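Note sheet for the following structure.
As the structure is a computational prediction, the values presented were derived from the model and not from experiment. Per chain, numbering begins at 1; letters A, B, ... match sequence-line order.
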Amino acid sequence: MKKFILKIFGILAVIYAALFAVFYYDLDGKFIYYIFEPFMVKRFDNMKREDNLKTPYDMKEDVMKEE
Amino acid sequence: MKILNKAKIVREKMKELFVVEKPENQQEGKKDIKKIARDFWYGKPHEERRLGDLYVGDTGLYKHREWRGFVDTMYYFNMIWLYNYAHMVTDIMKYGGGPVKGVVNFSKGLMRYRWMGQTYLTVMHWFDRGLEGMRGPILRGSAWHYRGMVSETIRQFQEMFASDKKLHGGKESEQWKHNIAHNETVSGSIFYGFHDVLEDIPLEMITYFVTCHVNNHTVLNYIDAAQSIGLPADPCPMCQAEYGLFVLDDYPDFAPTMITSNEACDGSVATSVIQDWFLNRPLFAMPQPMRYDDPLVQEHCQREIEECWKFIEKQYGVPFNWEMYCKYAEEQNKLTAFEHEKWDVAANTPYYPINGVAQALYRIYYSQDGNRPIWHEIDAHVRKIMNKTVKNKIVTLPKTRHRVIAWSCAPLYYSSWCTWAYNCWGLNCVINMDSLMFDQFLRTDTYEHALEDLSWYNEKAPMRAMAVGGHEHILSLWDYMERFKCDMVVMYDQLQCKGMQGIHGVFEDEFRKRDIHAIWVPHALPDKRTVSRKEIRKIISDYMITVMREEPLDPTLLDFEDDSSW
């Protein structure tokens, strides 16, 4: 039991240290800047979109119809 | 040979990304172990921090995040970075209607909308920029303000995504049928009488306003889209971005109606027209007069608000509930009361634990958005910190050389300029114009009083009161300078704001007459391409060097590149 708790503690300590390394060396920022954002920009740039200029400009119906 | 070359490229890239060059005077000589230990525990003194050396090229990324001393670095890591990342995940689940549903809707929204997918994952860098150089209580207090804004942002976009027809195959869900979309400067307090039955969600707060601060790349797409269909480039870029969202079909469809306003001035009338066209659903336009002090105009504003309520009653079949209005108005009054306490500390002591950017953004956000539980939570945290700094007389920004008031519309892409200005020049931006709007308690003793106060509240919206609301409001700068004991003005100069341009000369004359140190900071609101962040820094630095004859506290912050940063 003691060994098991120490093992868990050890694993948590390693995770904590890894997270600190991510934080201290700004690895989250670097990942988003160099990898994630360019990927997302490419996706949005190539996305097919509705042409809202084709929306008719009419009178609008009320949401609730009068009885 | 190829492998050697590749290894060299990798080595150089790693150096660029992670290695901080030591300054010349530290490269040789014996190491002072006591100083190293002291710096490790307490953090380097302000003048030795060399924060500019930490940046990676012009990206705004850090070779490594600041070492703020052991205690503050551990606080930042645990209670700001880890805490906020963890709470972002829990907020997505909480506000998304459950862990699975929340994550699924969030993922759909992330992949569908540029303002979501390109912007919001960079949020911790938004914290970093605003909190650079902060230590002790001001680090803690300011971070809580950021936390409040993040939580409320998540709540809003999760509400949008849960009901968005575009993410759910065109289906009009029950949630969709109970939402009201509105312009971001229609104050949330307008909807208090319907609060528990209908959900009011500002359309542009998350899709436009917050994105400019978190990642200023996103909004440029919307401004360009607006101009691509032949609309002129000279109106306020805020209006351009807001209708550019529609041109690019990047707005979520989460409500059957829309309430618009002339936010904050008549420049946005075109925005309302285009929103009316593209949204293609019942829309109520509630423009507020620019000059509103006249009692007859006030009566007109009150009638406009009542017409808005009638519109909501008619469209949703939900009657205005007076008790509900009183409940939320009284809750909001508590937020206003605490804001006054904060201003009292900021004006009269050096113990205010909120820095310029956190003060400005939090205030503009919650006062526009209206009463929400998160604001009270955040205020409780900040109250605790502020009580401690006042009781123990903790000077929160000890390198303050000048107390600054910032006036007019701020550059959204560089809201953290005041953090830089403190770190580089000791300029403490104590208060700003946007913080001072919506300064109105809402009486609930009678319906007539409530309507009167609500009308005033609505008129004191961002920019409307003090940028375009008539000279008597615009020139209230002098009174606030005295009240907050400021010796310097940073005068924002939004180059596309016709309202403020008209009174530019009056300000010049008054600054001269009153012998006030005023630095004009030109900008184009959300558009960083017109006046870059670097140019803003140069303007301020030039003034500090040539007029004030001062030396920078941190010379590495005088001249650096950040054109590609968020």
Checklist line | NZ/NE/NH1/NH2 to OD/OE distance under 4.0 Å, Asp250(B) and Arg49(A) | finding: yes
Next item on the list: Search all heavy atoms of Phe44(A) against all heavy atoms of Gln118(B) and return the closest pair with its distance.
Entry: CE1-N, 3.9 Å
Check: Can you tell me how far CH2 of Trp81(B) sits from OH of Tyr24(A), rounded to the nearest 0.5 angstrom?
Finding: 14.0 Å
Notebook entry, point to check: Going by an N to O cut-off under 4.0 Å, is there a salt bridge joining Asp28(A) and Arg65(B)?
Noted result: yes
Notebook entry, point to check: How long is the span from the CG atom in Asn280(B) to the CE atom in Met59(A), to the nearest 0.5 Å?
Noted result: 11.5 Å
Checklist line | Separation of Thr257(B) OG1 from Lys60(A) NZ (nearest 0.5 Å) | finding: 13.0 Å
Note to self: Counting only non-hydrogen atoms closer than 4.5 Å, does Tyr16(A) touch chain B with its backbone (N, CA, C, O), its side chain (CB onward), both, or neither?
What the structure shows: both
Next item on the list: Could you tell me whether Phe4(A) atom CZ has more than 12 heavy atoms of other residues or ligands within 6.0 Å of it?
Entry: no
Item checked: Nearest non-hydrogen partners of Glu37(A) and His217(B), listed with the distance -> OE2-ND1, 3.2 Å
Item checked: Residue part contacting chain B, namely of Asp51(A), when any heavy atom lies under 4.5 Å -> neither
Check: In Å, rounded to the nearest 0.5 Å, how long is the span from CG of Leu27(A) to CG of Leu17(B)?
Finding: 9.5 Å
Notebook entry, point to check: How long is the span from the CE atom in Met111(B) to the CE atom in Met40(A), to the nearest 0.5 Å?
Noted result: 4.5 Å
